[in-house]
Amino acid sequence: MIWKHIWTFILGLLCFYAQVLLLPAFELFGVIPNILIAWVVYLVWTREMTPALIVIFIIGLLYDTTQPESFGMHALVLLLIAIILYQFRKPFESESVLARMLSLVLANVIFQVVGWLVLGVVYGFGGELVILSLIGLGYNLAISFVVFWLMQLVARLRIVLVE
Amino acid sequence: MKKIFLPLALVLVSILLILGSTEGRVKRASMLGKTVFYPFLHSVKLFRTNSALKGEIARLREQQAATTLENLNLRNALKESQTLQGISFDTGAIAFEVGEVIGYSGQFQQRNLVVNKGSAQGVKVGSPVISARGIVGRVVSVAVTNCVVLPFSNPRFQIPVMDKSTSVQGVLQSDLTGKTRMNMIKLGSEISAGDTIVTSNLSTLYPKGYPVGTVARISDSQDYLFISAELEPFTQVENLEHVFILQGRK
């Protein structure tokens, strides 16, 4: 059991490094995609709530230390996404693909709405922000789908030794 | 109740971390970055520094390559200029084009020089070619950007030459062994080893008095009708880098 938690943390670290080091290269119209959203959705569907929330909080804070001006924001947003999704997934079957897709959409919408609110308060709610938020939503959604199903695929891989 | 406590606590902690001024948030982030998250943030910093250094190295290599190329061009230009200034004889008022030897055609003593100047620079078939030390040959074919020069070391080349001090006339010829001679010298002519040989006033190719070489030794021709003088040419055709193509013939 402890190995599962450690693996959860390691996966979070990998996502953090990818987010900080690789994803800036995929910037589009000033929007850097966030793969931590897909990682949170993956945890919601594959891990228990308590350990998952702790790891999400730690990785969120870790990511926030790279953006000190908004320290705590990512931890809070990722926590909110996780908590809402844990409630959202309850009525669905654990293998429901549609539910997973819906949770990915919901997670991205929450992330973008919170981002829009924070940026709006700091820089003002202009039309440009709306356009950027919409681009961000679409781009993040696309990346999230890819990353989420990639994680699922990797998780199902098994090493088989053939004599 | 237990299930609600942890999420609530984490959300509250997150909100508390966000609250306050930007300076306060930066301070908190810095504190965590220097303690709990130090290994992770330090590794990120190392990755970024490494990546930036790699980019810088690539940029510097490009810059170095460009500088080396520029340096090389400047050196070539300097060498060309030095060769130009180093012409050891008076070429008169004849204009010339400086060319660089860029290749050879033919083999051994029958080879010709390929020079990087052609009809685009006004080079014509038959133009005489000299070096900073003496005569080289004449242009035998011209393309737009280059030309082929028949050097005096090729047996096909021959021009009238004369002794600079006594004006004794002869014909400059080279054989397949690479020896350059002044042939057809009249028996009893006043010529001796060490004399300087220059282009003759009878030459239709070169103006009179262009240096050719010095007499190394005198011998009789095979038919004993003439004297033959073996020459040491001033110009080493095989070592030429730059040549001057005279514009227009004599």
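Order of the sequence lines fixes the chain letters, A, B, ..., with proteins taken first and strands second; residue numbering starts at 1 for each chain.
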Item to complete: Answer yes or no: are there more than 12 heavy-atom neighbours, outside A:Phe125 itself, under 6.0 Å from its atom CZ?
Response: yes
Worksheet entry | Value rounded to 0.5 Å, distance of CZ in B:Phe40 from OG1 in A:Thr66 | 13.5 Å
Discussion item. Are more than 12 heavy atoms, taken from residues, nucleotides or ligands other than B:Glu56, located less than 6.0 Å from that residue's CD atom?
Written reply: yes
Worksheet item: Got more than 12 heavy atoms from elsewhere within 6.0 Å of CZ, A:Phe92?
Response: yes
Practice prompt. Quick one: pull up CD1 in A:Ile56 and CG in B:Leu10 and give me the separation to the nearest 0.5 Å.
Written response: 9.5 Å
Worksheet item: Say you draw a straight line from CE of A:Met73 to CD1 of B:Ile15; how long is it, rounded to the nearest 0.5 Å?
Response: 13.5 Å
Discussion item. Between A:Asp64, A:Val77, A:Leu76, who has the most heavy-atom pairs with chain B when the cutoff is under 4.5 Å?
Written reply: A:Leu76
Worksheet item: Which atom names give the shortest non-hydrogen contact between B:Pro7 and A:Leu53, and what distance separates them?
Response: CG-CD1, 3.5 Å
Worksheet item: At a heavy-atom separation under 4.5 Å, does A:Phe16 approach chain B through its side chain, its backbone, both, or neither?
Response: side chain
Practice prompt. Can you measure from CG (A:Leu62) to CG (B:Leu32) and round to the nearest 0.5 angstrom?
Written response: 9.5 Å
Fill in: Shortest non-hydrogen separation from A:Tyr17 to B:Pro39 and the atoms involved
OH-O, 4.5 Å
Discussion item. Just checking A:Phe26: does its CZ atom have more than 12 heavy atoms from other residues, nucleotides or ligands closer to it than 6.0 angstrom?
Written reply: no
Worksheet item: Does a sphere of radius 6.0 Å around CD in A:Glu48 hold more than 12 heavy atoms from other residues, nucleotides or ligands, not counting ones at 6.0 Å or beyond?
Response: no
Discussion item. To the nearest 0.5 Å, what is the distance between CZ on B:Phe37 and OH on A:Tyr63?
Written reply: 14.5 Å
Discussion item. Could you measure the distance from the CG atom of A:Leu61 to the CG atom of B:Leu17? Nearest 0.5 Å is fine.
Written reply: 6.0 Å
Discussion item. Is A:Leu13 close to chain B through its backbone or its side chain, or both, or neither, when contacts mean heavy atoms under 4.5 Å?
Written reply: side chain
Worksheet item: Looking at B:Thr22, B:Val13, B:Val44, which has the largest count of heavy-atom pairs under 4.5 Å with chain A?
Response: B:Val44
Worksheet item: Would you find more than 12 non-hydrogen atoms of other residues, nucleotides or ligands less than 6.0 Å from A:Trp116 atom CH2?
Response: no
Practice prompt. Check whether more than 12 heavy atoms from other residues, nucleotides or ligands sit under 6.0 Å from atom CD of A:Gln67, and answer yes or no.
Written response: yes
Worksheet entry | Least distance between heavy atoms, A:Leu79 atom then B:Ser14 atom | CD1-OG, 3.4 Å
Worksheet item: Between the side chain of B:Arg25 and the main-chain N/O of A:Glu69, is any donor-acceptor distance below 3.5 Å?
Response: yes
Discussion item. On a heavy-atom basis, which atom in B:Arg48 and which in A:Leu21 lie closest, and how many Å separate them?
Written reply: CG-CD2, 4.1 Å
Worksheet, complete the sentence: Max heavy-atom pairs within cutoff under 4.5 Å with chain A, candidates B:Ser43, B:Ser21, B:Gly24, B:Ser51, goes to B:Ser43
Worksheet item: Looking at A:Leu80, A:Val20, A:Ile83, which one has more heavy-atom pairs under 4.5 Å with chain B than the rest?
Response: A:Val20
